[in-house]
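Heads up, the thing below is written out as structure tokens.
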Amino acid sequence: MSTEATHTGSATQAPNTDAPNTDAPNPQAPKTASKTADAIEAARAQGRAAFIGYLPAGYPDKETSIAAAIELARNGADVIEIGVPYSDPVMDGPVIQQATTEVLARGFKLPEVFEIVEAVVKATDAAVLVMTYYNLIDRMGAEEFARRLAEVGGAGAITPDLIPDEGREWIAATEKHGLDRVFLTAPTSSPERVAQIVSASRGFVYGVSVMGVTGARDQVSDAAERVVTAARGAGAERVCVGLGVSTRAHVEEIGRYADGVIVGTALVVALRDGGPAAVAALTAELTGAETAR
Amino acid sequence: MSAPAEETRKYRDHEGPYFGNFGGRWMPESLVAALDEVEQTFREAKQDPEFLAEFHRLGRDYTGRPSLLTEVPRFAAQAGRARIFLKREDLNHTGSHKINNVLGQALIAKRMGKTRLIAETGAGQHGVATATAAALMGMDCVVYMGSEDTRRQALNVARMRLLGAEVVPVDHGAKTLKDAINEALRDWVASVEHTHYLLGTVAGPHPFPEMVRWFHQVIGDEAREQILAMEGRLPDVVAACVGGGSNAMGLFHGFLDDPEVALYGFEAGGDGVETGRHASAITLGRSGVLHGARSFLMQDEDGQTVDSHSISAGLDYPSVGPEHAYLAEIGRATYEPVTDSECMASFEMLCRTEGIIPAIESAHALAGAARLSRSWGEDGEGKIIMINLSGRGDKDVETAAEWFRMLPGQENDPVAETETAENTGDESPSPAPETGVQA
């Protein structure tokens, strides 16, 4: 997605929403292409939806979390989400809460995330995003967080508790450093909000498939396809769907209408119970790839 | 502080989402539509004479409004020269100010067609009030409460269950108020179609800070009228305890645009701010985002929320309502910490001098006001301090009895150090409250 395309029609509501237009650098001169968009487009060129896998940073320890993320990429993941452990993860269900609480309890510090991203970027061809609650960005400073993420080769960030209305600083920082910023759109989002979210996002738009928190579910909500259709209608070039996705059947079903499929909790369970080898096996099963081991 | 005439009512009518640099909506997109619906319903309701009549009728016939304004001369004489008046929110039905906001939001929920109320609670007062409103209006009710707090406030847990509410102990994190809010938000994301999250304080995403304040403004409006009728003048100081800050905002609201009235908010100082074991987010002064609002937030260098500590479950919260952060930043209100020891000294003093057992939360305001009066010395002569006695202490009897070594088997233990306000904020963490608080 070009920088130009990301900045159309964002002045909708709330005091901050006009900020992307005023604060962004010259839209004629984007610094970097979107790594995440490239990864999703490469999958599209192969006639399939992209596979996006989530694992928490530092779980169960730094080395194992790097090894597990590398297994994601070796077994067909196009994009990797490194989740940053946070004290108050309101969008996460029990499995991810438990994992990230353990990581925090062993003394995890934020700089570890950049080390992990760097190691995974060096070892794989996947686009590596972080998924982080916003206060961790805010405390470091949006500009400094973006600078450090770009420095280690990160593709950008997914921010589950940041809406574009409050995103002025983060949008400016990601623009400056050529990072993707993924905002979420929900089944309840109004057409005006979907338009605002689509125009503020860079890389892809995260379609929330179900009203709820992260966690494996038996069925994919029929809301998912409507979310994708709404985002496409608002001009989104890439829409990926997550929350509740846990089986190959889900991946195939969502892959028929979305540009990417996001799996988190099921992979965290695999890592918890079987280590990186189990992550490799599950990723291969979910992506339909041959196990690379 | 002097304000030019044309700027009167400049604070009182302030609407969200922003209060200076604070407030906003730092929330998952999934909840934005619900927040929009709440905001729109609230704005319409405020203009609807039928809604206003029903809200006022409930306040009068159910809550027992107006609450009294009581002068407490024997308490005041222990502290200094100033006269002290208590706004008696402790006399409301359910025992605290919380019922004002709960009845208002329950009416909003009904207006939106919601059939289920969820709430977080710390001390249990907001949970009890919400369970009460749910019973009154025939709605389902689930209250999330940190498992530490269900232990500290077992009486209120039983009250909520008697009222028909489901109480869910929350075992995550510090197992206190902030974790109960996290769990309530997770519920709401999945249940928003038929459920209203009845947030209990002036924190959270827009429109909660503005709406909760509005439902509590009756406290300040009544108090202003009452003191003018009784004394023919405004108080010199208006004081309240501040956790999330709803009782303080309700009382402050009546005096925000009276520049001659100084506003004081007293935060929970726990063992002392210098020990790190406290709940004084404003005193610490670090800006951050939590639970939907930008405000002052107790956090470490990475931005992880730091656990708060207080003998008072209702003040045990690591952030504060964004409008308080704003009033602190612009200097309109002053915020100071009060330690557990100072608080309990004033708790005891009010019991013994006036025959009123306050909530431990409210005792922070008593202690802060007493400290202020004492600091004035003879200059306090003729001054008036008004304090919001936001709740009664029935729920705290066991905690207080333990603190003062009144429980069976404690008779021979030394009583915790609670002598005067001056010798507190000290280095000696009193062992008494710890046993009741720790796992």
Side-chain angles (χ1 to χ4, degrees), chain A residues 13-16 84-94 97-98 101 104 108-113 132-141 145 159-167 183-190 192-194 196-197 205-208 210-215 227 243, chain B residues 16-18 23-37 39 170-174 177-195 197 204-206 286-295 297-307 318-319:
Chain A
Q13 46 187 288
N16 280 345
V84 186
Y86 176 53
S87 52
D88 296 275
V90 295
M91 276 296 280
D92 284 312
Q97 277 181 55
Q98 181 62 38
T101 301
L104 289 172
F108 166 89
K109 301 305 278 181
L110 197 52
E112 210 174 293
V113 170
T132 181
Y133 290 90
Y134 193 71
N135 197 52
L136 303 179
I137 293 176
D138 191 69
R139 185 71 180 142
M140 179 174 282
F145 194 100
T159 46
D161 60 348
L162 183 70
I163 56 176
D165 314 52
E166 306 290 359
F183 290 104
L184 283 64
T185 180
T188 50
S189 301
S190 66
E192 295 74 25
R193 291 204 59 79
V194 173
Q196 184 186 2
I197 289 159
V205 175
Y206 191 131
V208 174
V210 61
M211 294 300 288
V213 296
T214 59
V227 167
L243 287 202
Chain B
Y18 300 101
R25 268 188 189 168
W26 305 81
M27 272 278 118
E29 172 65 23
S30 295
L31 289 172
V32 170
L35 295 169
D36 281 341
E37 186 189 10
E39 179 181 5
V170 177
D171 265 324
H172 314 302
L177 183 55
K178 98 177 163 69
D179 309 285
I181 294 174
N182 291 341
E183 207 55 27
L185 286 168
R186 292 184 188 111
D187 180 319
W188 202 30
V189 170
S191 66
V192 66
E193 205 176 324
H194 58 279
T195 294
Y197 178 15
H206 177 67
R286 294 181 186 153
S287 168
V289 295
L290 177 71
H291 295 150
R294 175 176 293 286
S295 186
L297 172 64
M298 294 174 61
Q299 56 186 318
D300 70 12
E301 69 275 17
D302 283 353
Q304 308 285 357
T305 309
V306 169
D307 293 341
S319 186

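Just so it is clear: chains get the letters A, B, ... in the order the sequence lines come, proteins before strands, and each one is counted from 1.
Of all the heavy atoms in Val289(B) and Tyr86(A), the pair that sits closest is O-OH, 3.9 Å. Heavy-atom minimum distance, Arg186(B) versus Asp92(A): NE-O, 3.0 Å. For Gln97(A) against Glu183(B), the heavy-atom pair with the smallest separation is NE2-OE1, 4.5 Å. Listed here is the closest heavy atom pair of Val90(A) and Pro28(B): CG2-CG, 4.4 Å.
Within the 4.5 angstrom heavy-atom criterion, no atom of Leu31(B) approaches chain A. Looking at Pro187(A), there are no atoms closer than 4.5 Å to chain B (heavy atoms on both sides), in backbone or side chain. Heavy-atom distances place no part of His206(B) under 4.5 Å from chain A, backbone and side chain included. Only the side chain of Val192(B) comes within contact range of chain A, with at least one heavy atom under 4.5 Å from a heavy atom of that chain. With a 4.5 angstrom heavy-atom cutoff, Ile137(A) does not touch chain B via any of its atoms. In this structure, no portion of Thr159(A) lies under 4.5 Å from any heavy atom of chain B. In this structure, chain A has no heavy atom under 4.5 Å from any part of Glu193(B). In this structure, the portions of Thr188(A) lying under 4.5 Å from any heavy atom of chain B include both its backbone and its side chain. Heavy atoms of Asp300(B) lying under 4.5 Å from chain A belong to its backbone as well as its side chain.
For the pair Asp165(A) and Arg25(B), the minimum side-chain heavy-atom distance is 4.5 Å or more. Between Ile163(A) and Val32(B) the shortest side-chain heavy-atom distance falls below 4.5 Å. With a 4.5 Å cut-off on side-chain heavy atoms, Arg286(B) and Arg139(A) count as touching. The side-chain heavy atoms of Ile197(A) and Glu29(B), taken from C-beta on, include a pair separated by under 4.5 Å.
Using a 4.0 Å cut-off between charged side-chain N and carboxylate O, Arg294(B) and Asp138(A) make a salt bridge. Ion pairing between a basic and an acidic side chain is recognised when a charged N comes within 4.0 Å of a carboxylate O; Lys178(B) and Asp88(A) show such pairing.
Contact count versus chain B (heavy atoms, under 4.5 Å) is highest, among Pro111(A), Ala186(A), Pro94(A), for Ala186(A). Across Thr101(A), Val208(A), Leu110(A), the residue that shares the most heavy-atom pairs under 4.5 angstrom with chain B is Leu110(A). No other option in Thr185(A), Val210(A), Leu184(A) has as many heavy-atom pairs under 4.5 Å with chain B as Leu184(A).
Within the model, atoms OG of Ser30(B) and CG of Asp161(A) stand 11.5 Å from one another, a figure rounded to the nearest 0.5 Å. Summarising the geometry, atom OG belonging to Ser87(A) is positioned 7.0 Å from atom CG belonging to Leu290(B); distances are rounded to the nearest 0.5 Å.
Glu166(A) places no side-chain N or O within donor-acceptor distance of the main-chain N or O of Trp26(B), the cut-off being under 3.5 Å. Of the possible polar contacts, none joining the Asp302(B) side chain to the Lys109(A) backbone as a donor-acceptor pair under 3.5 Å is found.
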